[in-house]
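Below you'll find the structure, written out as structure tokens, and then a few comments.
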Amino acid sequence: MPVLPMTREVLAIDGGTPVRKTFLPYGRQSIHDDDVQAVVDVLHSDWLTTGPKVEEFEHAFAAWIGVKHAVSFSSGTGALHGAAFAAGLKPGDEAITTPLTFAATANSILYQGATPVFADVSDDTLNLDPEKAATRITARTRALLPVDYGGHPADLAAIRELADRNGLIVIEDASHAVGARYQSRNVGGISDMTAFSFHPVKHLATGEGGMVTTNRDDFAETLRTFRNQGLSSDARTRRTEGTWQYEMVLLGFNYRLTDIACALGLSQLNRLEENLSRRREIAALYAEAFRDVDAVRPPEVRADSDPAWHLYPIRLNLDRLMVDREKVFRALRAENIGVNVHYIPVHLHPYYRERFASGPGEHPVAEHAYERLISLPMFHGMMDEDVTDVVNAVRKVMDWYAR
Ligand SMILES: *Cc1c(COP(=O)(O)O)cnc(C)c1O
């Protein structure tokens, strides 16, 4: 990979020439002609929603993961809400999760009227620290919600053990981790329920969309009922059975994923393996390129895990820099590198602060990481030249601001 020499070049933010002429986003879908055709075919069919493509996609996804059931939802957030419902979370209950996640993880607990309790993360993977989680367990705790941050599986064995010891249900938020492997098993078949997202920046894009996978028949049945208004049968089943009768058995929502989206998902699933290998290649190129950049701490990978690389979150060694993360972020954006930050710790969002009187200092590892985190572009459609641009821009900015 051609890398710029170590001469200090004026940064684009100060009027220099940007490393790239065009903006490189941090994540992006890839849509091929066969994806387009699959959607067109559905548009010409009898069913735009709750038709045959839904089951086809669910079966194919479950088979790909190696899990008994996959239940589709209209978003990853809906999938998490469904899992929280199926786990029986209710007012008065508590569920423990990580602060270093997208708000939807913790919000799914709130949707059920239960209380999210945050426990700090481990410094290496930035995933929920099982030891910290153990200290937050009370008589009211009912579930654990680890997140596979960036695509690196959470510490699932320790979390399982903690759950078993305390009679808790594990809902894994694997929105980042389709295709990740943990102790030689696929994420999606390990926890009691695992939620996925098919938002365009994720590995498999359906526009909006999500899935819950589980090996438990009772959870699968509740999830199917919940996403369809709490009805005991769906429109297609009624048509097949020649009946009009249905009963509402629980208070559900309309969280159905359309046949249009499922056809796209099925088509995208054909390239998932290939896309994962490309992401792993890009991660390896980055790791190699940043080995000698003191100001950059690349993401760490545990020996028992094979991440899916949704994100490539580096941490800045601020004591090697004259500026803070904000300045580095803006300098990289000026170079046309679409860096991002994942995430503002959830307990620091105004809504959470006001409702739970939470604030800085409660989860020092997550907060320390947050001050230093920058997600570099990472998506399977990235070309080698794109990777080189990111590496050159990072080196350029780090050289300029080096202390
Ligand atoms: C993307 C994401 C979600 C929610 O997914 P949507 O499909 O956008 O609703 C939930 N949790 C995490 C960690 C995510 O990254």
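Whatever order the structure lists them in is the order used to number ligands and atoms, beginning at 1.
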Regarding Asp123 and Arg315, does a basic nitrogen lie under 4.0 Å from an acidic carboxylate oxygen?
yes
Show me which atoms of ligand 1 lie under 4.0 Å from any heavy atom of Ser75.
7 (O), 9 (O)
Given His176, Lys202, Met211, His310, which has its nearest heavy atom closest to atom 1 (C) of ligand 1?
Lys202
Name all pairs fulfilling the salt bridge (charged side-chain N to carboxylate O under 4.0 Å, His left out) condition that reach into residues 348-366, sequence neighbours left out, sorted by first residue then second.
none
Please confirm whether Tyr149 comes under 4.0 Å of ligand 1, counting heavy atoms of the residue only.
no
Evaluate whether atom CG of Asp33 has more than 12 neighbouring non-hydrogen atoms of other residues, nucleotides or ligands under 6.0 angstrom away.
no
Does the distance from a Lys or Arg side-chain N to an Asp or Glu carboxylate O, for Glu221 and Arg224, drop under 4.0 Å?
no
Just going by heavy-atom distances, which of Ser175, Ser74, Gly76 is nearest to atom 3 (C) of ligand 1?
Ser175
Quick test: of every protein heavy atom, which one is nearest to atom 9 (O) of ligand 1, and how far off is it to 0.1 Å?
Thr77 OG1, 2.5 Å
Numbered atoms and elements of ligand 1 in range of Tyr343, under 4.0 angstrom, heavy atoms
15 (O)
Tell me whether Arg28 is salt-bridged to Asp386, with the criterion being a basic N under 4.0 Å from an acidic carboxylate O.
no
If you measure from atom 13 (C) of ligand 1 to every heavy atom of Thr98, Asp173, Leu100, Leu145, which option wins on shortest distance?
Asp173
Closer than 4.0 Å to some heavy atom of Thr101 - which atoms of ligand 1 meet that?
13 (C)
Taking the inter-plane angle between the rings of Tyr343 and Phe102 on a 0 to 90° scale, is it parallel (under 30°), tilted (30 to 60°) or perpendicular (over 60°)?
tilted
Find all atoms of ligand 1 within a distance of less than 4.0 Å from any non-hydrogen atom belonging to Ser197, and give their numbers and elements.
1 (C), 5 (O), 6 (P), 7 (O)
Hey, is Gly78 one of the residues with a heavy atom under 4.0 angstrom from ligand 1?
no
Which residue, Trp64, Phe61, Phe73, forms the ring pair (Phe, Tyr, Trp, His ring centres under 6.0 Å) with Phe196?
Phe61
Could you check His342, His310, His152, His203 and say which one makes a ring pair (Phe, Tyr, Trp, His ring centres under 6.0 Å) with His176?
His310
Find all atoms of ligand 1 within a distance of less than 4.0 Å from any non-hydrogen atom belonging to Gly209, and give their numbers and elements.
7 (O)
